[in-house]
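A short worksheet on the structure shown next.
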Amino acid sequence: TITEGISAAADGAIVAIAAGTYGEDLTWESKALTLWGVCPSQVQISGSDAPLAAVVIGAGADGSELRSLSVTGLAGGVRVEGSSQVLLEQLWIHDTGDRGVTLQSESGPVQATVQDSLVEAATVLGVQVAGADLELLRSVVRDTAEQDPGGVGQAVAVQRHPATGAASTAVIRSSSFERNHTSTLVISGSTASVEASVLRDTQPSRLSSRDGVGIIAQADGAERASLTVTSSVIENHRARGVALIAADGTIEATLVRDILAQQWDSRSGEGIAIQDDGTARADVTIADCVVERSRQSGILIRGSDATVRSTIVSHTAPREEDDAFGRGIAVVRQAPEAPEATAAIESCRIEENHTFGIYAADAAITVSGTFIAATRPQASNGDYGDGIGLVTMEPQLGVPASLDLGASRIDENAGAAVMALGANVAMGETTLDCNGSDVIGRCEYLGKANPYGFEDRGQNLCGCGTSRGSCEITSF
């Protein structure tokens, strides 16, 4: 048996495994071993439901390797607890009754590399990282199932250790994730980077019809999460493509598209959502990205700080529930007691959205070097269609919504180029061309009065085609 081979092997030995199906639960510790099969299609380890996993690498087995075989079982697939520099390579981990791969620091630090492997049809989690370090390279995690309807079936969870609170790190590169449940990647109070990877088709919970999110990065108590995404594709999820909640993040050179509404209430559907948790703010930079065919808002910034640079936001569809919104970028303060929101939007292209190209409610935004065009009216009632809309909803706070607009162009929007409802606008070196109207203001919104303001910083042009002149704000 393989168990006999493990018992007889000295530290540093290779245990070669011939073709066959082995109904064994394998475990070793205190020595580095390499278990090497012929190939995953010919060697299968089939574990029972007695241990935590079919293969358990315990403490003191630093440098151990598991190669070229498949693992299945009534419990989990592979578990590493208390060893580092572990390599899991060319594995097929499939149809497990619990987690596919678990890295959890129990009796010492845990670090493992999973590469050139397929983890499919695991239960609850494809890969769990708890107080450990993961490197996931050139691998696929798909079809992770919920244990019970209403549970989770996430591809990868990067989280703090449940007992010690130790944070985890994960580096994910050149990998693919599809048809997992509730969320593909969840980072809680830990750090993760995703590079050159594809995340698609996350399914909602079978019981509640909630979620279906691509990536969630969230604080765990006072411990913030940190997420970096580069050169990746995030597509065809529900509720949100990427959600950062009281977290820090950078999203670069990434395509986020075709995000659908949450199934249970036909709401949400944002491509990227950056939001507070009621007290703590998120802080995120988005650069050189494309966000297209989202719902409700292409990018939502709520009670947080964000920089959006050299990014295209287009073809945001209205909310599925009632045909409202469809905004390109929305920057909002959720409530008087909630954190403020700020955004710097630089060198972007925002077009073919609904209701507002950019919307700010009780928020301060700076827009520079940006092109905003072809915003359509709100589908539910034909209102708005403005390039930029500013609203002061809570004037008693004494912090009206504000816009600092420079070196930009706003063209052919159905409504106003800029609308200010009890808000302040400062504008310079900007052209407003062939919009429904140029700059309009009102000192009242939803029965709450607040004066609007307009500062012309010069070198602005308003009008249409050759009929252009200076820009003024018009009351309506």
Side-chain angles (χ1 to χ4, degrees), residues 21-22 24-27 35 37 40-41 43-58 64-81 83 86-106 110-148 151-159 168 170-173 175-187 192 194 197-199 201-203:
T21 298
Y22 299 84
E24 301 183 52
D25 299 319
L26 307 179
T27 184
L35 271 61
S41 64
V43 177
Q44 177 167 287
I45 311 301
S46 183
S48 72
D49 62 353
L52 292 170
V55 180
V56 178
I57 302 173
S64 289
E65 299 181 7
L66 193 63
R67 292 172 171 260
S68 299
L69 49 80
S70 70
V71 180
T72 187
L74 298 175
V78 178
R79 181 180 176 90
V80 181
E81 48 180 46
S83 291
V86 173
L87 176 63
L88 309 178
E89 184 175 39
Q90 293 184 337
L91 301 182
W92 177 26
I93 301 170
H94 65 98
D95 299 288
T96 55
D98 206 327
R99 295 151 176 80
V101 176
T102 298
L103 310 181
Q104 185 160 321
S105 55
E106 296 297 347
V110 170
Q111 183 278 325
T113 298
V114 180
Q115 65 185 34
D116 303 313
S117 294
L118 169 60
V119 181
E120 67 176 340
T123 304
V124 182
L125 294 168
V127 180
Q128 180 183 30
V129 190
D133 300 323
L134 165 71
E135 192 173 28
L136 182 65
L137 308 176
R138 302 182 302 278
S139 294
V140 176
V141 184
R142 66 189 182 198
D143 299 315
T144 311
E146 300 166 278
Q147 191 166 46
D148 300 299
V152 298
Q154 298 160 350
V156 181
V158 184
Q159 60 197 70
S168 295
V171 175
I172 299 169
R173 188 178 299 122
S175 294
S176 177
F177 307 86
E178 58 186 1
R179 298 188 304 273
N180 299 286
H181 283 79
T182 65
S183 303
T184 290
L185 172 60
V186 178
I187 306 104
V194 180
S197 294
V198 177
L199 300 84
D201 299 327
T202 307
Q203 303 299 303

Looking at [atom1] of [X] and [atom2] of [Y], how far apart are the two atoms once the value is rounded to the nearest 0.5 Å?
X      : Y      : atom1 : atom2 : result
Arg142 : Glu178 : CZ    : CD    : 6.0 Å
Ser175 : Asp116 : OG    : CG    : 9.0 Å
Arg99  : Gln128 : CZ    : CD    : 4.5 Å
Thr123 : His181 : OG1   : NE2   : 11.0 Å
Arg67  : Leu88  : CZ    : CG    : 10.5 Å
Arg138 : Ser176 : CZ    : OG    : 14.5 Å

Could you tell me whether the side chains of [X] and [Y] share a donor-acceptor contact shorter than 3.5 Å?
X     : Y      : result
Thr72 : Asp95  : no
Glu81 : Gln104 : no
Gln44 : Thr21  : no

If every non-hydrogen atom of [X] is compared with every non-hydrogen atom of [Y], which pair is closest and at what distance?
X      : Y      : answer
Ala170 : Val158 : CB-CG2, 3.7 Å
Ser168 : Gly131 : OG-N, 2.7 Å
Ala122 : Gly100 : CB-N, 3.6 Å
Pro51  : Ala75  : O-CB, 3.3 Å
Gly77  : Ala53  : O-CB, 3.6 Å
Thr144 : Gln154 : CG2-O, 3.4 Å

Taking the side chain as C-beta and beyond, is there a heavy-atom pair between [X] and [Y] under 4.5 Å?
X      : Y      : result
Leu91  : Leu118 : no
Leu185 : Phe177 : no
Arg79  : Thr27  : no
Gln115 : Glu89  : yes
Leu69  : Ile45  : yes
Thr102 : Leu52  : no

Quick check against the 3.5 Å criterion: does [X] have a side-chain atom that pairs as donor or acceptor with the backbone of [Y]?
X      : Y      : answer
Ser83  : Gly58  : yes
Ser46  : Gly73  : no
Thr96  : His94  : no
Ser105 : Ala132 : no

- Could you check Val56 against Leu26 for side chain to side chain contact (heavy atoms under 4.5 Å, CB included), going step by step and ending with a plain yes or no? CA-CA 6 Å; Val56 178; Leu26 307 179; over 6 Å; no
- Only residue of Thr113, Val80, Val114 satisfying side-chain contact (heavy atoms from CB on, under 4.5 Å) with Leu134 is Val114
- Query: Among Leu199, Asp201, Val194, which one satisfies side-chain contact (heavy atoms from CB on, under 4.5 Å) with Thr184?
  - Reply: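 It is Leu199, the one option of Leu199, Asp201, Val194 that forms the side-chain contact (heavy atoms from CB on, under 4.5 Å) with Thr184.
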